[in-house]
Amino acid sequence: MTEHRTPHEGPAGPPGAGLGWVGRTAPEAPVAREGAWTPQPLPQRVYDPPPPDGEDGEHPEHARSGGEAAPDAGPQTDRLRYLDVATRRIARGMDPDETLKELRRAAVPAFADAIFVHLHDPLTVGDEKTATPIVLRLHNSGPAPQATHPALVHRLAELLAAGRPVFGDVPGIAPAVGELLGPAAMTPGALPPGRRLIIAPLRGRHRMMGTVVLLRRPDQPVFNGDDLLVASQLATHTALGLHKSVMYEREASVADALQRAMLPSSLPEPTGVRLASRYLPAAETAQVGGDWYDAIPLPGSRVALIVGDVMGHSMTSAAIMGQLRTIVQTLAGLDLPPDEVLHHLDEQAQRLGSEHMATCLYAVYDPISHRLLMANAGHPPPVLLHPDGRAEVLRIPPGAPIGVGDVAFESVEMSAPNGATLLLYTDGLVETRGTDVWTGVDLLRARLDAAAHGSVPPPLEALCDQVLDTVGPGDRDDDIALLTARFDGFPPDSVGYWLLGPHPQTAGRARKLTRRALRRWGLDSMIDSTELMVSEVVTNAVRFASRPIALRLLRTDVLRCEVADDSPQVPRMRRAAPADEGGRGLFLVNELSRSWGARRLSTGKVVWFEQKIPDQ
């Protein structure tokens, strides 16, 4: 086939000047006269293996423009060997940029002198429907993508639809080349003439993803039919690699969004304790995990502090984490002891599947009694930072992970002094490839002890930052969830607590005790309404209780009253008929209080109501 060459005006320069050649620059072509290329009889191009990792130069065993192959290796063997190395290199890319970089290193200079890759913008790999016209963006590896080239010309659209690479001398290809390579490509002599250009579509699993343009300089052999097959293989493996990397990034993004959506958007502000938290995802090479934390207010100004970790790293782990966190919130609403919460959580986790296991630590802090009640399910132990700066690893019976089944958990009660700080965390904070969990826990304790000993404990937010600063960015193979709680306690003079026998006279005694407490607190304007509501709630408790009734008044920014008894029957408000003698107690509570409610306990129930304290 005769090559058709197009002369151009102006000084000679390297072919493709102004088009942003990618890869190694070859010597200039022989020139017969200014502005024109002279045909040269060149031997058939020999396929060189792609350069070793970290090198972009020529292979030492072969010349760029030809040469003798090994005696026992023919052109077909060379092509197969080249494709084997090139496709394996392309397949190892973990993101689009890395995949395109490996394509360039595999193709230039072993197969072509320059390569241009155009990808759909935005790049879609699934079944998404786009109403906008197809837009291609130049994505040469290294520099930032260049300007967008909108809607394809009809000829290029036909070539893409066919899904097969074509030579640059296909009739009607010039406008398509102009769309891909820009106005400079339309200048006479800007591109090598004849079959020195191949356009190969990038076809993913579901749709076209873009194009690859391969160019050879005039001093190189023209592309032949076998080269079309090579270009097709390079484009196919690149498209599959792009599809894989985009799907990987999409799954990681969805899993990360799912996990973050299931974590608390904000922490509560219960009386008597201050809270702070951090969540730090793993390194970019790791998938999202199932770490979570939570803080749940409980009756009596108590608060439940939870941290957990679902084993594994995937979107499934994040989904299981969300289900377990919801189960824990439901169990916390029943106000069960920590060991019973973990027992029921273990039962529910087994229903989700025996292959899903998690660790969890559940703690309940009571600011009135200054006590801490904890149970552990295979989780790293908490660290208590005492007011004097001494750090202590709390030895809680570890138990078995959630999901093992038929395991007994144990609750441990201990003192929680005012000013102390409790640190709950996941194993990503203390475990690395070179450090086991217990060694990491001892290191964490030593660092906290050295940083805070003999001084005032730092603010919670600063403490969280200090803890995370001990973990190097390259050491994180797992997510980190951190929850800190500083115990402030409840002022004793703002609490009133009494045990009353279930007798007919109990309601009158409750009114008297309430009146006395409100006068001591200077809340005389609230006496009448509070007495009435306390009387109604205590009277209802006397009807069903068989053991002493607990009456507690708490003064914070609101006035809270709690009445607990041993009957599991929770009262509900109903409309009383005009002739009924009872049934109006909770209606009055609903009308006079700001809010009220009732919760079942493991030993009965508690009915509570709150009133806003008027400004003095």
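Here the CG-CD1 distance, from Leu352 to Ile320, works out to 5.0 Å after rounding to the nearest 0.5 Å. Considering OH of Tyr279 and CG of Leu263, their distance stands at 6.5 Å, rounded to 0.5 Å. For the atom pair CG (Leu267) and CD1 (Ile296), the distance works out to 11.5 Å, reported to the nearest 0.5 Å. Rounding to the nearest 0.5 Å places OG1 of Thr87 at 11.5 Å from CG of Leu103. To the nearest 0.5 Å, atoms CG (Leu424) and CG (Leu483) are separated by 5.5 Å. Expressed to the nearest 0.5 Å, how far CD1 of Ile90 lies from NZ of Lys101 amounts to 14.0 Å.
Leu482 places none of its side-chain heavy atoms less than 4.5 Å from the side chain of Leu280. Here the side chains of Ser245 and Glu98 are not in contact, with every heavy-atom distance at 4.5 Å or above. Counting only heavy atoms from C-beta outward, the side chains of Arg278 and Glu461 approach each other to under 4.5 Å. Within the 4.5 Å cutoff, no side-chain heavy atoms of Asp294 are placed close to those of Val328. Annotation: side chain of Arg447 is not in contact with side chain of Leu444 (no heavy-atom distance under 4.5 Å). Under the 4.5 Å side-chain criterion, counting only non-hydrogen atoms from C-beta, Leu423 is in contact with Leu448. You'll find the side chain of Leu460 stays beyond 4.5 Å of the side chain of Leu275, heavy atoms only.
Considering all non-hydrogen atoms of both residues, Leu361 and Pro380 come closest at CD1-O, 3.9 Å. The minimum heavy-atom distance between Ala295 and Leu305, with the atom names listed, is CB-CD2, 4.2 Å. Heavy-atom minimum distance, Tyr293 versus Arg325: O-NE, 4.1 Å. Nearest heavy-atom pair, Met321 versus Gly290, reported as atom, atom and distance to 0.1 Å: CG-O, 3.3 Å. Contact record, Thr359 with Gly378: CG2-O, 3.1 Å, taken as the closest heavy-atom pair. The minimum heavy-atom distance between Ile402 and Cys360, with the atom names listed, is CG1-CB, 4.2 Å.
Side-chain N or O atoms of Asp309 include none that pairs as donor or acceptor with a backbone N or O of Thr426 at under 3.5 Å. For the pair Asp227 (side chain) and Asn224 (backbone), a donor-acceptor distance under 3.5 Å is present. Judged purely by atom type and a 3.5 angstrom limit, His379 uses its side chain to pair as donor or acceptor with the backbone of Tyr425. Of the possible polar contacts, one joining the Arg196 side chain to the Pro218 backbone as a donor-acceptor pair under 3.5 Å is found. At distances below 3.5 Å, at least one donor-acceptor pair connects side-chain atoms of Asp346 with backbone N or O atoms of Gly403.
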Problem - Leu468 and Leu429: CA distance, side-chain angles, deciding distance, side chain to side chain contact (heavy atoms under 4.5 Å, CB included) verdict - result: CA-CA 8 Å; Leu468 294 183; Leu429 180 65; 4.3 Å; yes
Problem - Full working for side chain to side chain contact (heavy atoms under 4.5 Å, CB included) between Val307 and Trp292 - result: CA-CA 6 Å; Val307 65; Trp292 93 90; over 6 Å; no
Practice task
Show your reasoning for whether side chain to side chain contact (heavy atoms under 4.5 Å, CB included) applies to Leu100 and Leu119.
Solution key: CA-CA 11 Å; Leu100 296 181; Leu119 299 181; 4.0 Å; yes
Practice task
Evaluate side chain to side chain contact (heavy atoms under 4.5 Å, CB included) for Val430 paired with Leu443, printing each intermediate quantity in order.
Solution key: CA-CA 8 Å; Val430 294; Leu443 289 174; over 6 Å; no
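Qualifying side-chain contact (heavy atoms from CB on, under 4.5 Å) partners for Arg88, counting only residues two or more places apart in sequence or in other chains: Asp84, Val85. For Leu80, the side-chain contact (heavy atoms from CB on, under 4.5 Å) partners are Gln76, not counting sequence neighbours.
Cation-pi contact between Arg216 and Phe111: present, with separation from the ring centre below 6.0 Å and deviation from the ring axis of at most 45°.
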What donor-acceptor contacts under 3.5 angstrom involve side-chain atoms of residues 228-237, with partners at least two apart or in another chain?
unit_1 : atom_1 : unit_2 : atom_2 : d
Thr236 : OG1    : Ser232 : O      : 2.8

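A salt bridge is defined here as a Lys NZ or Arg NE, NH1 or NH2 lying under 4.0 Å from an Asp or Glu carboxylate O, and Arg105 with Glu102 meets this definition.
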